[in-house]
Amino acid sequence: MSYWNEDHKHDYWNPYFGGFLLGILLIFTFYMTGRGLGASGAMKSTVVFALHEIAPEHVEQSAYYSRFVEKEKSPLNTWLIFEVLGAIGGAFLSGALSGRAKFRIQHSPNISSKKRLILALLGGVLFGFGSQLARGCTSGAALSGLAVMATAGFVSMMAIFGGGYLFAYFFRKNWI
Amino acid sequence: MGPLIPNELLSPEWNNVVALVIGFAFGYIMEASGFSSSRKLVGVFYGYDFAVLRVFFTAAIVAMIGILYLSKLGYVNFDDLYIQPTYMKSVIIGGLIMGLGFVVGGFCPGTSLCAAGIGKIDGLVFIFGLMLGVVLFSEFFPYLESTFNANNLGGVTLKETLGLSHEWTVFLFTAIGIVAFYITTLIGRHIRKVYY
């Protein structure tokens, strides 16, 4: 049987291999740009862009949004937006090559699709809110911070994963 | 000497091209490591899959060692690298909220992009939630501003905060990582393999 006829849906890379490549990529990113990787910043830029189109005055008067609006430069024209667009493409290629790219809602058999989507929305709201308060998420604050030994990197890593372990018990029935 | 773009050794026009290429690799590596699956990701919190811990720690260790070497060998000026400021109060509270969001929603922002990239509706909904969270934060910003700006230590590393040299930081972090890899492997032997 050829490679293409087999089911590769569950063939993930060895995690140490994936981690090694991610580390090399992070070094390359710092070498090129002087900064690390990120994700939540792109969501913030998208929100600022969308609201600036709908309600420019509200955005310009807001104490938080207005920090990210510059004259004659779209809020979407940021490094992170391009990085995130690339990431979506990269994920699609990897998923397509392994037969994982298809429309679906993934959830534990113990919960319904509807419940999964509600939880995904709530989790997103919390993560989005927390990432703004902490000035970055798992990639921008924790991983990239660790790469340059930033105190904020260590603290945010411990807070994110510590928070996860702290609250995991209460949500166990949604996962196991 | 690097970093290349800020030091204008590579013209700023390349910035967005570099971003696309780096992002592509970032997404590919995460998806291939299984980070597009919320059930695989949260396994780290319930002990049935430690992929997150292994990938994350390995990446951090490799990057730390590499960047330290690049600066020692003179390829990159460590002082030119961006060290994000440490606002102790907001980073702890924000981090805990993110941890809660992780076990509720099953993703973090980067991994939700990977999930959406391969067509997972729950990933897409999580991204929509992230944006709502940003809006919520902005609208309540006047009430959050004092917490947001409290305890600013500036752009510090563990050298300034704990007096730990970069070399010792890398050594200790690597040692902790190896112990964590060993312990989670022992735990993993007792747990049934799940496919999702």
Item to check | Phe30(A) portion near chain B, given a 4.5 angstrom heavy-atom threshold | outcome: both
Checklist entry - Hey, which residues of residues 45-56 of chain A are touching chain B, say heavy atoms under 4.5 Å apart? => result Thr46(A), Val47(A), Leu51(A)
Next on the checklist: With a 4.5 angstrom heavy-atom cut-off, is it the side chain or the backbone of His58(A) that approaches chain B, or both, or neither?
Outcome noted: side chain
Checklist entry - Is chain A contacted by the side chain of Val17(B), its backbone, both, or neither, given a heavy-atom distance below 4.5 Å? => result neither
Checklist entry - Which residue out of Ser131(A), Ser139(A), Gly153(A), Gly162(A) racks up the most heavy-atom pairs below 4.5 Å with chain B? => result Ser131(A)
Item to check | Contacting region of Leu119(A) [heavy-atom separation from chain B under 4.5 Å] | outcome: both
Checklist entry - Listed by residue number, which members of residues 101-110 of chain B have a heavy atom under 4.5 Å from any heavy atom of chain A? => result Gly101(B), Phe102(B), Val103(B), Val104(B), Gly105(B), Gly106(B), Phe107(B), Cys108(B), Pro109(B), Gly110(B)
Checklist outcome for this item: Applying a strict 4.5 Å limit to non-hydrogen atoms, the region of Leu25(A) in contact with chain B is side chain
Checklist entry - What is the distance from atom CG of Leu113(B) to atom CZ of Phe92(A), rounded to the nearest 0.5 Å? => result 15.5 Å
Checklist entry - Side chain, backbone, both or neither: which part of Leu21(A) has an atom under 4.5 Å from a heavy atom of chain B? => result both
Checklist entry - Which bit of Met131(B) comes within less than 4.5 Å of chain A, counting heavy atoms only: side chain, backbone, both or neither? => result both
Next on the checklist: Given heavy-atom pairs under 4.5 angstrom as the criterion, report whether the side chain, backbone, both or neither of Ala116(B) touches chain A.
Outcome noted: neither
Item to check | Engaged part of Leu10(B) at the chain A interface, taking heavy atoms whose separation is under 4.5 Å | outcome: side chain
Checklist entry - With hydrophobic residues grouped by side-chain heavy-atom distances under 4.5 Å, do Phe24(B) and Leu85(A) end up in a single group? => result no
Checklist entry - Relative to the ring of Tyr16(A), is the ring of Phe181(B) parallel (under 30°), tilted (30 to 60°) or perpendicular (over 60°)? => result perpendicular
Next on the checklist: On the six-membered ring of Phe45(B), is Arg172(A) placed so that its NZ or CZ lies under 6.0 angstrom from the centre and within 45° of the ring axis?
Outcome noted: no
Checklist entry - Picking from Tyr165(A), Tyr169(A), Trp175(A), what satisfies side chain to side chain contact (heavy atoms under 4.5 Å, CB included) with Tyr46(B)? => result Trp175(A)
Checklist outcome for this item: Okay, Thr169(B) and chain A: the region with an atom under 4.5 Å from a heavy atom over there is side chain
Item to check | Region of Val42(B) in contact with chain A, defined by heavy-atom distances below 4.5 Å | outcome: side chain
Checklist outcome for this item: In terms of heavy-atom pairs under 4.5 Å with chain B, the winner among Ser108(A), Ser40(A), Gly38(A) is Ser108(A)
Checklist entry - For the residue pair Met98(B) and Gly136(A), what are the closest heavy atoms and their distance? => result CE-O, 3.2 Å
Checklist entry - Can we call the ring centroids of Phe35(B) and Tyr12(A) under 6.0 Å apart? => result no
Item to check | Per-residue contact mode, Ala141(A) against chain B (heavy atom under 4.5 angstrom) | outcome: both
Checklist entry - Distance from His166(B) atom NE2 to Met149(A) atom CE, nearest 0.5 Å? => result 5.5 Å
